[in-house]
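Structure record follows, encoded as structure tokens.
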There are 2 protein chains.
Amino acid sequence: MLTERQLTILQVIIDDFVDSAHPIGSRALSKKESLPYSAATIRNEMADLEELGFLEKTHTSSGRVPSEKGYRYYVDHLIGPILSPSQNEVTIIKNIIDDGFFEFEQIVQMSAEVLSKLTSYTSIILGPEMFETKLKQIQILPLSAYTAVAILVTNTGHVEHRSFSIPEKVRASDLEKMVNIMNDRLKGVPIVQLQEKLTTEIAQLMKMYIDDFDTSFDYLKSVFLSEHPVKLYIGGKSNILMQPEFNDVDKIRSFFNMMEREDEIANLLKNTKSGIEVTIGNENEVEAIKNLSLITASYHMEGDHMGTIALLGPTRMEYRKVITLLRGLSNEMTDALYMWYKNDDDA
Amino acid sequence: MLTERQLTILQVIIDDFVDSAHPIGSRALSKKESLPYSAATIRNEMADLEELGFLEKTHTSSGRVPSEKGYRYYVDHLIGPILSPSQNEVTIIKNIIDDGFFEFEQIVQMSAEVLSKLTSYTSIILGPEMFETKLKQIQILPLSAYTAVAILVTNTGHVEHRSFSIPEKVRASDLEKMVNIMNDRLKGVPIVQLQEKLTTEIAQLMKMYIDDFDTSFDYLKSVFLSEHPVKLYIGGKSNILMQPEFNDVDKIRSFFNMMEREDEIANLLKNTKSGIEVTIGNENEVEAIKNLSLITASYHMEGDHMGTIALLGPTRMEYRKVITLLRGLSNEMTDALYMWYKNDDDA
DNA sequence: ATTAGCACTCAGGTACTTAGAGTGCTAACA
DNA sequence: TGTTAGCACTCTAAGTACCTGAGTGCTAAT
């Protein structure tokens with residue numbers, strides 16, 4: 001369908017436009033070595049490519065600009081098999097991760113930062129979700145007569161904590177008993193099953209030991225089972241201001257408004273399949289980013305999907321570089337997770 | 001020095017400009033009820049006020065705009081004694097704080113958010129610092145053969161944690177011993193003194209019990225004493241985009257660049273005296289905010305300075321409202337801290 | 001002391017012009 | 001038949017000129 005020459009032209013146009021952000025004309029193209037044809041010839045080809053929907057004009061006599069279909073074709077066919085993880089960047093990534101002290105949250109945060117710095121787009125990292133993480137320990141530590149802090153540790157070294165004031169009705173001693181029972185019975189249980197196990201099996205058991213069971217138990221539940229919202233790490237919201245497409249105050253405003261609706265973004269990333277996904281412009285379902293592109297990659301733990309890393313930028317995006325980078329990072333993260341947490345047999 | 005009428009004029013100009021962001025002319029002023037004079041009269045007064053440095057023109061034939069000196073005078077003398085904490089807002093603030101579950105971090109985060117929403121400026125909250133917080137418990141929890149998580153809890157319910165991999169050289173049993181000793185000896189010790197006590201007294205003691213002391217100890221130190229950076233919570237970086245002074249892409253860029261240098265901002269807030277401070281435009285020492293105003297208020301715990309809350313906005317700022325709000329919030333926070341943590345006698 | 005009147009200034013909008021980049025189409029060429 | 005040169009045409013971006021309205025400063029009259 002597309003001739004060899006048309007492919008080359010499309011490729012060159014995209015590469016050039018991604019770099020310069022300026023529409024490109026036939027004359028300029030004819031000067032490139034890879035296109036030893038006259039401007040007129042190229043004009044004809046460009047007209048065809050436009051008719052086929054791969055190119056667009058910004059106005060009747062402007063140069064051409066890739067259309068979303070063009071980018072799509074580029075990503076699917078022209079991007080080449082050259083997806084070896086890049087040089088210098090790998091070192092940077094490795095440095096973040098092999099820090100000796102690993103704190104997954106920190107790593108994620110830093111990765112988001114770095115990812116954005118390397119690309120000048122906005123990076124978004126979701127997770128890690130707690131699907132497969134297991135309870136390691138629960139602890140309640142009294143702080144004063146009426147306050148205490150509850151601490152929950154998972155096998156991945158994740159620590160949730162929550163301070164609360166103890167209502168009059170609830171006896172500290174009862175709480176303590178409960179915690180003991182929970183530690184006894186719930187160690188090694190996947191976090192996602194906590195709620196279920198707690199309300200069924202364990203509740204039975206506890207009733208036997210504890211006086212004013214109902215009050216205390218309700219309270220305990222609210223302390224430990226308040227949703228653990230999946231965390232979203234956003235890096236370089238403002239790096240994207242470097243992009244020339246954000247040369248308009250209104251665009252900036254609406255971008256930042258969008259970024260503030262974190263739940264929406266989280267949903268966006270939740271529904272990704274494993275592997276790398278590229279969504280270009282209007283392919284996105286969310287209205288607010290229909291003029292942007294989103295590249296997502298997931299990272300795993302022993303086969304289970306743990307979270308998603310993504311980059312959000314203008315449709316005029318360095319797809320190749322971004323895909324390379326995301327792939328590299330998600331692999332590193334998957335490896336790191338495996339390394340750290342593989343021996344989680346004992347609970 | 002300033003006549004009654006001049007004061008009125010200055011006040012009206014500032015109030016109007018703060019509201020509209022447009023330079024104001026003599027004709028418009030003469031229409032206000034509080035100024036039953038002709039435009040010409042007012043023109044003369046304005047000329048005088050300009051000569052005295054309280055007003056400025058944006059160009060030769062424009063209306064007047066308050067100068068920084070004008071704002072300063074307004075804040076110092078014209079703002080009135082009417083600083084009763086405002087109505088509806090107090091409820092909002094109280095709702096955040098009296099949540100039953102208190103997590104100081106969360107509260108601070110939410111306060112920052114709300115503060116910004118109520119004002120459309122950017123809010124910055126520093127702290128709480130750990131000056132007066134005391135160690136409650138230290139714990140090391142092994143996760144796998146070679147990894148563990150260290151958890152440190154303060155009397156304010158603050159939880160620091162850190163995952164790390166255990167080097168070959170260090171024996172798990174030694175670490176455990178050390179932790180025991182530390183818990184024994186360091187409970188109730190102010191966090192800031194931890195490092196000192198640890199390296200002197202406690203180190204002596206440990207040497208007696210532990211074989212390969214030096215390695216283990218160095219390691220431990222690096223786990224527990226890595227700086228606990230003072231945390232900075234920023235709310236509504238993008239709310240400020242509503243302000244008409246940010247109608248220029250470059251201004252937005254430089255604002256966001258500035259906001260990314262968190263350490264600089266933290267320093268800015270650290271050096272505040274207690275009480276409320278207003279710094280207008282060039283009064284600020286930091287170059288990047290010389291065209292903005294910063295209002296800071298500190299909150300306390302039993303007399304000790306714990307942290308600072310601040311609002312950053314254009315010099316054309318609703319000083320009265322902001323001061324009211326900050327005062328209200330800082331009081332609430334101080335009260336809350338007192339309520340929660342007053343009985344911290346036992347450690 | 002206050003005000004009316006007037007000449008003057010300037011930002012911001014509208015209209016017009018021009019230069020340059022680019023296109024589409026036709027006709028000539030290999 | 002595919003390629004190219006040439007030309008008329010289009011449209012943006014930048015520059016220039018002009019006008020209006022809001023505002024000032026100053027002077028003279030009240």
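Chain A is the first sequence line, chain B the second, and so forth, proteins listed ahead of strands; every chain is numbered from 1. Values reported hereafter were calculated over all heavy atoms of this structure, with side chains retained and with hydrogens, waters and symmetry mates removed.
Counting heavy atoms of neighbouring residues, nucleotides and ligands inside a 6.0 Å radius, atom NZ of B/K117 does not exceed 12 of them.
In this structure, A/L55 atom CG and C/dT23 atom C1' are separated by 14 Å, rounded to whole Å. Between the CG atom of A/N44 and the P atom of C/dA28 there is a distance of 17 Å, rounded to whole Å. Rounding to whole angstrom units, CZ of residue A/R43 and C1' of D/dG2 are separated by 16 Å. The CZ atom of B/R27 sits 12 Å away from the P atom of C/dA4 (whole-angstrom rounding). One atom, CD1 of B/I42, and another, C1' of D/dT24, lie 14 Å apart when rounded to the nearest Å. With rounding to whole Å, B/D16 atom CG is found 11 Å from D/dG23 atom P. Here the C1' atom of nucleotide D/dT24 and the CD1 atom of B/I9 are 15 Å apart, to the nearest Å. As rounded to whole Å, 15 Å separates atom C1' of C/dT23 from atom CG of A/L49.
At D/dG25, one or more side-chain N or O atoms of B/K57 fall inside 4.0 Å of OP1 or OP2 (strictly under the cut-off). Between A/R64 and C/dA21 there is no side-chain polar atom (N or O) within less than 4.0 angstrom of OP1 or OP2. Close to D/dC11, at under 4.0 Å from its OP1 or OP2, lies no side-chain N or O of A/S62. Applying the 4.0 Å criterion to OP1 and OP2 of D/dA22, one finds that B/S61 has every side-chain N and O outside that range. For C/dA11, neither phosphate oxygen OP1 nor OP2 lies less than 4.0 angstrom from any side-chain nitrogen or oxygen of B/T58.
Side-chain to base pairing of A/S38 with D/dT4: no donor and acceptor N or O lie closer than 3.5 Å to each other.
Toward the 5′ end of DNA chain C lies the nearest nucleotide of B/A40, the other residue of the pair A/T60 and B/A40 mapping further downstream. Both B/P36 and B/H59 lie close to DNA chain C; mapped to their nearest nucleotides by heavy-atom distance, the more 5′-ward contact belongs to B/P36.
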For this session: Test salt bridge (Lys or Arg N to Asp or Glu O under 4.0 Å) on B/R64 and B/E50 and set out the steps.
Result: CA-CA 8 Å; B/R64 298 305 206 295; B/E50 182 173 7; 2.9 Å; yes

For this session: Show your reasoning for whether salt bridge (Lys or Arg N to Asp or Glu O under 4.0 Å) applies to A/E283 and A/R72.
Result: CA-CA 10 Å; A/E283 295 172 8; A/R72 168 52 60 196; 2.6 Å; yes

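With contacts defined as side-chain heavy-atom distances shorter than 4.5 Å, the pair A/E45/A/Y37 does not qualify.
Under the 3.5 Å distance criterion, with hydrogens and angles disregarded, a donor-acceptor pair is assigned to the side chains of B/E260 and A/S238.
In the set C/dG24, D/dT4, C/dT2, C/dT2 carries the atom at the smallest distance from any side-chain atom of B/T41.
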